[in-house]
Amino acid sequence: MAEGHTKLNGPDLVQGIAFSDLPDGGKLVGHCGDEQVLLVRRGTEAFAIGATCTHYGGPLVDGLVVEDTVRCPWHHACFDLRTGEALRAPAFNPLACWSVQQRDGRIFVGEKLKRTAPRPRDGSAGQAPEKIVIVGGGAAGFAAAETLRREQYQGRIVMISDDQAPPVDRPNLSKDYLAGKAPEDWIPLRGGKFYSKNNIDLRLDTKAVHIDLHSREVVLADEGRIPYDRLLLATGAEPVRLTIPGADQPHVHTLRSFADSKAIIERSTTARRAVVLGASFIGLEVAAALRSRDIDVHVVAPDKRPMDRVLGPQMGDFIRALHEENGIVFHLEDTASSIDGSKVKLGSGDTLAADFVVVGIGVRPRTGLAETAGLILDRGVVVNAFLETSAPGIFAAGDIARWPDPRSGENIRVEHWVVAERQGRTAALNMLGHREKFVAVPFFWSQHYDVPINYVGHAAQWDEIVVDGDIIAKDCLLRFKREGRTLAVASIFRDIESLEAEAEMERQMAT
């Protein structure tokens, strides 16, 4: 998704650089021919890989080297320095690799290496299943299907989605795409040929209504049946619907799907005024995107301040001020009581004019399929450390899954895109018989105008927030602590420190 480079930076690595110019753990951007290359030294070895992340084009030279990997500073994708393989979402495409030689105290980068398929990991238990069914066309479902084929699984994959579009990059739907800054061809996670080329039977606009545990079949709304040996439930979440009078009018929108985002864009081409209900991440990202389209936006929410529950009062006040600087008008500690045509009436008695309304008052996990199948639920689908549900052979991942968090010792459910993608990958490996626990540290990012907020970890409650830096100056890192222990870290323009916090949380789990 990165734009092509118009100017090559750094030295010509074909001509070589002095070994001493690259310290142990050091990174340097140069070029080979007309391509930018990142040179990384690890001890006595040096590696040459593509310089930009294959997710959104983040500069890997600003990232973090952890053992034989490099992590992207923007959204914490992770790549193997030896093979270029994308090891962690949100990246799926590998980096290019170049040969490296050392002679006479210098490092020379040679030819670009031909890409080879990653080697399937060893240690699967038992025979591979013949038929795997994935219910859900979101982050977790896509990541699972992609991982299965990357692991060279040869069996049948059926992917059922009640969406009309193939899996899309959902974070973009409320960010750059909605703002008009990203083209439509950025949105699909893979082009249509990916599914046919990889023999993934993607069935769109198809609804699963029941799981027959006895016959091991998924029953469809049209009464068709799809047999499975392993089943992944990745049904995600759905927007909480507004129940006030007038909420069912056509100019009242929610944002979850590609079609939802396109409908809001279409509405915004002729509109001048919008009301956003909810000051959540989605609500405020929508508000920021609509401001970039010169639409007057009012935000109505019952909260005292935006995002207080997740980011605390100081960051909440900053986010409110940031949006107000960009023209947003807030109506906090208030709710909509009715929508009458182009008027939104509030509980306080105020009335707001609106050409359209976007509702962002939260989501709820889509657990109906799991519930009717008799799986154990607890505000989500309960899974073990391997993401397997209470029914053997049935796994769950993404927004519906409540899993044992090794850091807190609690069972948690997290509605983050990157978490869903990483769980999809782990579920795929375990459906193939690998006993791999899901231990990834949760991560998400949110974009508000030119301000990115990165969040690592999970803090449902905290008793202390320690601020390093200056929030107002957009240069800060906040540590959310309980009983002296850091549970989560939020940051603005502290990318390397965010990556270091993630790596430290991983080390704490390993000890």
Open item on the list: For I339, is there any backbone N or O sitting under 3.5 Å from a side-chain donor or acceptor partner on Q249?
Closed with: yes
Task: Flag, side chain of R216 to backbone of D229, donor-acceptor distance under 3.5 Å - done: yes
Task: Heavy-atom check, side chain of V358 versus side chain of I282, under 4.5 Å - done: no
- [ ] Answer yes or no: is there a donor N or O on one side and an acceptor on the other, between the side chain of S292 and the main chain of A179, under 3.5 Å?
- [x] yes
Task: Straight-line distance of F443 CZ to H76 NE2, nearest 0.5 Å - done: 4.0 Å
- [ ] Ignoring hydrogens and angles, state whether a donor on the side chain of N93 or R190 is under 3.5 Å from an acceptor on the partner side chain.
- [x] yes
Task: From NZ (K262) to CD (E184), nearest 0.5 Å - done: 4.5 Å
- [ ] Nearest 0.5 Å please: distance from the CG atom of L375 over to the OG atom of S390.
- [x] 4.5 Å
TODO: Compare all side-chain heavy atoms of L255 with those of S261 and state whether any distance is below 4.5 angstrom.
DONE: yes
- [ ] Find the distance between CD1 (I453) and CG (L284) and round it off to the nearest 0.5 Å.
- [x] 9.5 Å
TODO: Ignoring hydrogens and angles, tell me if any N or O in the side chain of S280 forms a donor-acceptor pair with the backbone of G283 under 3.5 Å.
DONE: yes
Task: I157 CD1 to R149 CZ distance, which is reported to the nearest 0.5 Å - done: 3.5 Å
Open item on the list: Can you tell me how the ring of F480 sits relative to the ring of W462, calling it parallel under 30°, perpendicular over 60° and tilted otherwise?
Closed with: perpendicular
Open item on the list: Could you tell me if the side chain of F318 sits less than 4.5 Å from the side chain of L311, heavy atoms only?
Closed with: no
- [ ] Write down the atom of Y153, the atom of K131, and the distance for their closest heavy-atom approach.
- [x] OH-N, 3.6 Å
Open item on the list: For a 4.5 angstrom cut-off between non-hydrogen side-chain atoms, does N430 reach E388?
Closed with: no
- [ ] State plainly whether the residues R256 and D399 are in salt-bridge range, i.e. N to O under 4.0 Å.
- [x] yes
Open item on the list: For the backbone of R366 and the side chain of T235, can you confirm whether one donor and one acceptor N or O come within less than 3.5 Å of each other?
Closed with: yes
Task: Main-chain N/O of I265 paired with S268 side-chain donor or acceptor, under 3.5 Å - done: yes
Open item on the list: Test: ring-ring contact (aromatic ring centres under 6.0 Å, His included). Region: residues 165-184. Which pairs qualify, not counting sequence neighbours?
Closed with: Y177-F258
- [ ] Could you note down all residue pairs passing salt bridge (Lys or Arg N to Asp or Glu O under 4.0 Å) where residues 407-420 supplies at least one of them, sequence neighbours left out?
- [x] E410-R482, R413-E415
Task: Salt-bridge present (R170, D163; N to O < 4.0 Å) - done: no
TODO: Could you verify whether a donor N or O on one side chain and an acceptor N or O on the other, from D169 and Y56, lie under 3.5 Å apart?
DONE: yes
Open item on the list: Looking at E130, I want to see if its CD is surrounded by more than 12 non-hydrogen atoms of other residues, nucleotides or ligands under 6.0 Å.
Closed with: no
Task: Salt-bridge present (E506, R71; N to O < 4.0 Å) - done: yes
Open item on the list: Quick check on R115: does its CZ atom have over 12 non-hydrogen neighbours (other residues, nucleotides or ligands) under 6.0 Å away?
Closed with: yes
- [ ] Could you tell me how the ring of F194 sits relative to the ring of F142: parallel (under 30°), tilted (30 to 60°) or perpendicular (over 60°)?
- [x] tilted
- [ ] Given side chain to side chain donor-acceptor pair (under 3.5 Å), test D495 with S498 step by step and report yes or no.
- [x] CA-CA 5 Å; D495 292 341; S498 177; over 6 Å; no
TODO: Using atom types as modelled and distance alone, determine if a side-chain donor or acceptor of R422 lies under 3.5 Å from a backbone N or O of A143.
DONE: no
Open item on the list: Considering only residues two or more places apart or on different chains, which pairs with a residue in residues 376-432 satisfy ring-ring contact (aromatic ring centres under 6.0 Å, His included)?
Closed with: W403-F438, H416-F444
Task: Any side-chain heavy-atom pair of Y228 and V135 under 4.5 Å - done: no
TODO: Measure the shortest side-chain to side-chain distance between Y195 and P166 over non-hydrogen atoms and say whether it is less than 4.5 angstrom.
DONE: yes
Open item on the list: Whether the side chain of R402 engages the backbone of R379 through a donor-acceptor N/O pair (distance < 3.5 Å, no angle test) should be reported.
Closed with: yes
Task: Straight-line distance of I134 CD1 to S161 OG, nearest 0.5 Å - done: 11.5 Å
Open item on the list: So does K175 get a backbone contact from the side chain of N172, meaning a donor-acceptor N/O pair under 3.5 Å?
Closed with: no
